[in-house]
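Heavy-atom basis, side chains included; hydrogens, waters and symmetry copies ignored.
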Amino acid sequence: MAAAADPLSSLVSVLESYRGRDRVIRTLCYGCQLAGGVLARKSPTESEMGRRLLAVSAQLSHCRTVLRLFDDLAMLAYSRHYGLGAKEEDTIVRWLSVLNNLADQLYYPCEHVAWAADADVIRTNSHKWWTLSTAFWGLSLVLGIVRSLRILFQLRRKLRNCTGESLEQSQKEIDTQVKSEVLSILSNMADLSNAVHWLPPGFLWAGQFPPWLVGLMGTISSLIGVYQTSVGAGSGAV
């Protein structure tokens, strides 16, 4: 039996990869916003600490925005590899995935333009580009939720068709897939609540979340992502 990995070595290994580092920064970002938002509502001393944590959260968020300037090619490579999803057995899942990839691909350049406008690299209204990038992010999350629901429906139907000796093995495999899709739905719903909040006021609950609630939703989503990454790494998934 292999010895348990040293926690410090595991953390270093995570931080050495781009995706792992992004997961850590994202979790810290929303965690600081959650703690800062809660403290900012209390006594003057705690309120000052809360403001500092919110400032840290804002800087970490900006850090992630800058790092995403280099994500376009990776997303394009993934979209080209997936193509029209010819390997998918279900047509609905296939086209939901294609549209999801398209929304993700369009999200990045919109965010880049918004960042460049805020940094005075180009002259344009950054607000409309931030809104557009948030809208594409929200669309991607909605498509992801619908896709997961469709997959859950398929898994339920697949389980009904299992009989005899294959039932027990299929049950375990399907339970693992169901758990993964349910977690994805919860994560996407938490992010979607924040995406709506960042849209222009007047649309649903846009602009109505206090900082601590934004931090809570983001922390929930981030922790689910960290868990899914650790499970995926343990099972050999990419």
Side-chain angles (χ1 to χ4, degrees), residues 15-41 47-80 100-144 188 190-219 221-222 225:
L15 292 175
E16 283 180 340
S17 70
Y18 170 74
R19 294 301 173 191
R21 188 184 302 119
D22 182 67
R23 294 281 189 187
V24 172
I25 296 174
R26 188 183 202 272
T27 304
L28 288 175
C29 173
Y30 282 115
C32 286
Q33 187 164 7
L34 172 58
V38 171
L39 291 175
R41 297 156 54 95
S47 180
E48 176 62 26
M49 178 59 71
R51 284 192 289 272
R52 292 178 181 179
L53 287 172
L54 290 175
V56 171
S57 175
Q59 291 300 314
L60 291 174
S61 178
H62 181 69
C63 171
R64 295 186 67 230
T65 299
V66 173
L67 290 175
R68 282 196 296 269
L69 293 173
F70 307 95
D71 280 356
D72 301 73
L73 290 178
M75 185 66 223
L76 180 60
Y78 175 80
S79 297
R80 289 185 62 186
N100 197 335
N101 291 341
L102 179 60
D104 287 339
Q105 193 71 60
L106 293 173
Y107 162 82
Y108 289 108
C110 292
E111 185 186 56
H112 301 341
V113 172
W115 168 83
D118 282 346
D120 291 328
V121 175
I122 60 175
R123 291 185 177 182
T124 187
N125 181 4
S126 66
H127 179 72
K128 67 178 183 181
W129 288 101
W130 283 120
T131 299
L132 191 57
S133 66
T134 303
F136 279 125
W137 181 40
L139 176 60
S140 172
L141 294 168
V142 170
L143 290 169
N188 286 342
D191 280 337
L192 182 60
S193 67
N194 279 344
V196 172
H197 164 72
W198 284 319
L199 288 172
F203 180 75
L204 298 176
W205 57 85
Q208 297 182 19
F209 278 10
W212 70 266
L213 186 53
V214 174
L216 176 61
M217 293 295 102
T219 300
S221 172
S222 298

Residue set satisfying ring pair (Phe, Tyr, Trp, His ring centres under 6.0 Å) with His112, at least two apart, ordered chain then number -> none

Taking every heavy atom of Cys63 against every heavy atom of Ile25, the minimum-distance pair comes out as SG-CD1, 4.1 Å

Say whether Asp104 and Trp137, considering side chains only, have a donor N or O and an acceptor N or O under 3.5 Å apart.
-> no

Thr134 to Leu199 - nearest heavy-atom pair and separation = CG2-CD2, 3.9 Å

Please report the closest heavy-atom contact between Val214 and Trp198, naming both atoms and the distance.
-> CG1-CZ2, 3.6 Å

Note: Leu54 and Gln33 closest approach over all heavy atoms is CD2-O, 3.7 Å

Are more than 12 heavy atoms from other residues, nucleotides or ligands located less than 6.0 Å from atom OH of Tyr78?
-> no

If you measure only the distance, is there a donor-acceptor pair under 3.5 Å linking the side chains of Arg51 and Ser47?
-> yes

Kindly give the heavy-atom pair with the smallest separation between Thr27 and Ser222, and that separation in Å.
-> OG1-CB, 3.4 Å

Flag yes if more than 12 heavy atoms outside Trp212 fall under 6.0 Å of its CH2 atom; otherwise flag no.
-> no

Just wondering, are more than 12 heavy atoms of other shown residues or ligands nearer than 6.0 Å to CE in Met49?
-> no

So which pairs with a foot in residues 55-74 pass salt bridge (Lys or Arg N to Asp or Glu O under 4.0 Å), sequence neighbours left out?
-> Arg19-Asp71, Asp22-Arg64, Arg68-Glu111

